[in-house]
2 protein chains.
Amino acid sequence: MSAAKTPTLADVADRAGVSPKTASRVLNHEGNVRPDKVARVLAAATELGFTPNEFARLLRTRGSTTTIGVVTADIGDPFWTGVIRGVELAIGDPDRDDVGHPQRFILSASTRERSDREPEIVAAMVDRRVMALLVVPTTTDQSYLGALAERGVPVVCVDRPAAGTDVDAVVADDDGGARRGVELLIAQGHRRIAFVGRPSVYTTAERIAGYRAALRAAGIVVDDRLVHPTITDAASVGPIAERLLSLDDPPTAVFTADVAASIGMLACRRTRSWRPAMVAFSDFDAAPVVEPTVTVVHNDPVELGRRAAELVLDRLAGYTGPPRRVRIDTPIIERESHLA
Amino acid sequence: MSAAKTPTLADVADRAGVSPKTASRVLNHEGNVRPDKVARVLAAATELGFTPNEFARLLRTRGSTTTIGVVTADIGDPFWTGVIRGVELAIGDPDRDDVGHPQRFILSASTRERSDREPEIVAAMVDRRVMALLVVPTTTDQSYLGALAERGVPVVCVDRPAAGTDVDAVVADDDGGARRGVELLIAQGHRRIAFVGRPSVYTTAERIAGYRAALRAAGIVVDDRLVHPTITDAASVGPIAERLLSLDDPPTAVFTADVAASIGMLACRRTRSWRPAMVAFSDFDAAPVVEPTVTVVHNDPVELGRRAAELVLDRLAGYTGPPRRVRIDTPIIERESHLA
DNA sequence: TCAGACTCTGACATCGATGTCAAGCACGAA
DNA sequence: TTCGTGCTTGACATCGATGTCAGAGTCTGA
């Protein structure tokens, strides 16, 4: 018994009594092969269980794979897995494009908080000839992505625009969403509104900008002691709540800028007697179920991923125009917590 | 201006004034090259920005990639993205193995509810020479996976064991977890306990088995009108709740077999006056935050993925023993809802 | 000075597929 | 009969890397 070996095109050709090239012609539907040989080749291929060596094919044809590379910041955060889910939904969407396209795959990797690895990972993916790249930028400079454009690899940045270069990008309306969320609290008469969330280069900055804009428009002076873009997880909201409560003039409402902050804030409401009004950025499973139900600015990672994938598919389908920037709406879902 | 082209090893060799083979030797640290040539080759490589063509290398060396294929049932379910996250955590774990291993990637695809595509997707991944495969079986027969073992590709089944073949598998203790969960309700005096969850070949069957075992052990006759493994999403719990409430002898407690059922049940508690005791299979973000906090059987997808990846890494590191079956504990996290 | 061992080097074949090209053949028209 | 046309076919080169191997150069010790 020899070890099981993958049959090659030559094996198929031998068995069918034709040349490798003819076998290739049959299997690639090139036509111009006599029917009896077609039959013999197809029979031989099924009998041997032939599957072409993708690497050899790609090497010869200088083709790219049917794989989309996705580089996220941290796979530990459900938000990014949501983005990946969106990409998967889009590239598998049967309505989207020509029936019978080959199975597309997602090649994913995360920078795991080490933004210096971002270029390395991107380079490794390019070496693997991904047909397109979807990047959540974590470094402060994405100019290295320019080299990809030269190689003709479509690139789309997700959640944050690329810095230092102009490529397609899909971002949420962080600024506007935060502003509308805070306005909702102001409309309820609140003037002391805290901001709690994770630190993050772009999105948090945008959300703080929206928060400030809403306050300013209402003639409310921003009190920096109420602004805490410093949490790491839900548990870290506790100490911040303590600090807010110990102020002479504690906030009567809170804007939570991400899911971790929202969950943490809900925990504080349960364990402490503090019951501020609340609006959260990003919806979450439990928001319509907890007491009170949570009013949110809807920020859908799946939609981010889906739209990003669509930009990619457009480019693959031939779009060669200038970089486009898509802004995903962040509508308010009014529930109860902003009334509290 | 010609189009930007990827430099080849031959280009590097030309520029350094050596043969391609010598350049190859330098770049692969084979040694036995005169220092001045080493320097010239390295210089030429950086100047040209040379990166080796992975396909050519893999073709020649008959090597496999540094990619792990992950086939999940449905990327629309956060549970499976959790599994992927676990895999990512494990393969990126710096403690786990030899420093400086090349960047590992995850190649993912989902069967999208069409279980007939499972073998196709697996085949496509094998053609792409993934170094290992992690499969969530959805078909009723995984005997086709046997062919992979012959090719020496490590395979691990996740969440459900493979049918018709014997390969490594990582499953949760569905049976025992459900049994312990239901026992908790019985200990509170409940004798009319409903079961609500999604339909699913293996895991739901196991959880129902645990549910039945607990009832039987307590001398309670199982009433099939209380068993509803039929929901599709959280919203579909509503009609089931109606049906349960309309019984002559409605249940006083509910065991929800998955997150969707749990969220749905919480929604019912809010909108209807029905307040049954509750134990849920699978923890979720909001469980410790809602009123009442939800007692759960902890079923961690991340841990499933992580352990599965570890089995894979063991095999890649040389383990050649018989297939192993790992059962992940499903400990009870006692909160309040089982007391209601 | 010379044999033998060791270092260094590049020509060439190879992995498995496909592009190129020219030859072989059948057919119809002139 | 002869030529042109178009269909079939396979030999061969090619993609970019690496394994093989033999030959050239260097160094040792006798």
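Quantities reported herein were computed from a predicted structural model and do not represent experimental measurements. Below, chain A is the first sequence line, B the second, and so on; all start at residue 1.
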Hey, which of A:Val135, A:Val71, A:Leu304 is the one that makes side-chain contact (heavy atoms from CB on, under 4.5 Å) with A:Val158?
A:Leu304
Counting only side-chain nitrogens and oxygens, does A:Arg62 get under 4.0 Å of the OP1 or OP2 atom of D:dG16?
yes
Looking at A:Glu303 and A:Arg306, does any basic side-chain N land under 4.0 Å from a carboxylate oxygen?
yes
OP1, OP2 of C:dT7 versus side-chain N and O of B:Arg34: anything below 4.0 Å?
no
So for B:Arg25 and C:dG10, does any side-chain atom that can act as donor or acceptor lie under 3.5 Å from a complementary atom in the base?
yes
To the nearest Å, how far apart are A:Asp36 CG and D:dT8 P?
11 Å
Salt-bridge criterion met for A:Asp168 and A:Arg325 (N-O under 4.0 Å)
no
Side chains of A:Leu59 and B:Asn53: closer than 4.5 Å at any heavy-atom pair?
yes
Nearest 0.5 Å, please: how far is CG in B:Leu58 from CG in A:Leu58?
11.0 Å
Taking atom P of D:dA17 as reference, at what distance in whole Å does atom CD of B:Glu30 sit?
14 Å
With a 4.0 Å limit, can you tell me whether A:Asn32 has a side-chain N or O closer than that to the phosphate oxygens OP1/OP2 of D:dT8?
yes
A side-chain contact here means heavy atoms from C-beta on lying under 4.5 Å apart; do A:Leu311 and A:Val170 qualify?
yes
OP1, OP2 of D:dG10 versus side-chain N and O of A:Thr22: anything below 4.0 Å?
yes
So, is B:Lys37 near the phosphate of C:dC8, with a side-chain N or O under 4.0 Å from OP1 or OP2?
no
Considering just the side-chain nitrogens and oxygens of B:Asn28, establish if one lies under 4.0 Å of OP1 or OP2 belonging to D:dT18.
yes
B:Leu27 CG to D:dG19 P, in whole Å, measures 13 Å
Shortest side-chain distance from B:Lys21, nucleotide among D:dA17, C:dA17, D:dG19:
D:dG19
Would you kindly give the CZ-to-P distance between A:Arg129 and D:dC15, to the nearest whole Å?
14 Å
Distance in angstrom units between A:Asp14 CG and D:dG10 P, rounded:
12 Å
Considering only heavy side-chain atoms of B:Ser19, the closest of C:dC8, C:dG10, D:dG16 is C:dG10
N/O donor-acceptor pair under 3.5 Å between A:Glu54 side chain and B:Arg128 backbone:
no
Heavy atoms within less than 4.0 Å of DNA chain D: which residues of residues 41-61 of chain A have one? Give them sorted by number.
A:Leu59, A:Arg60
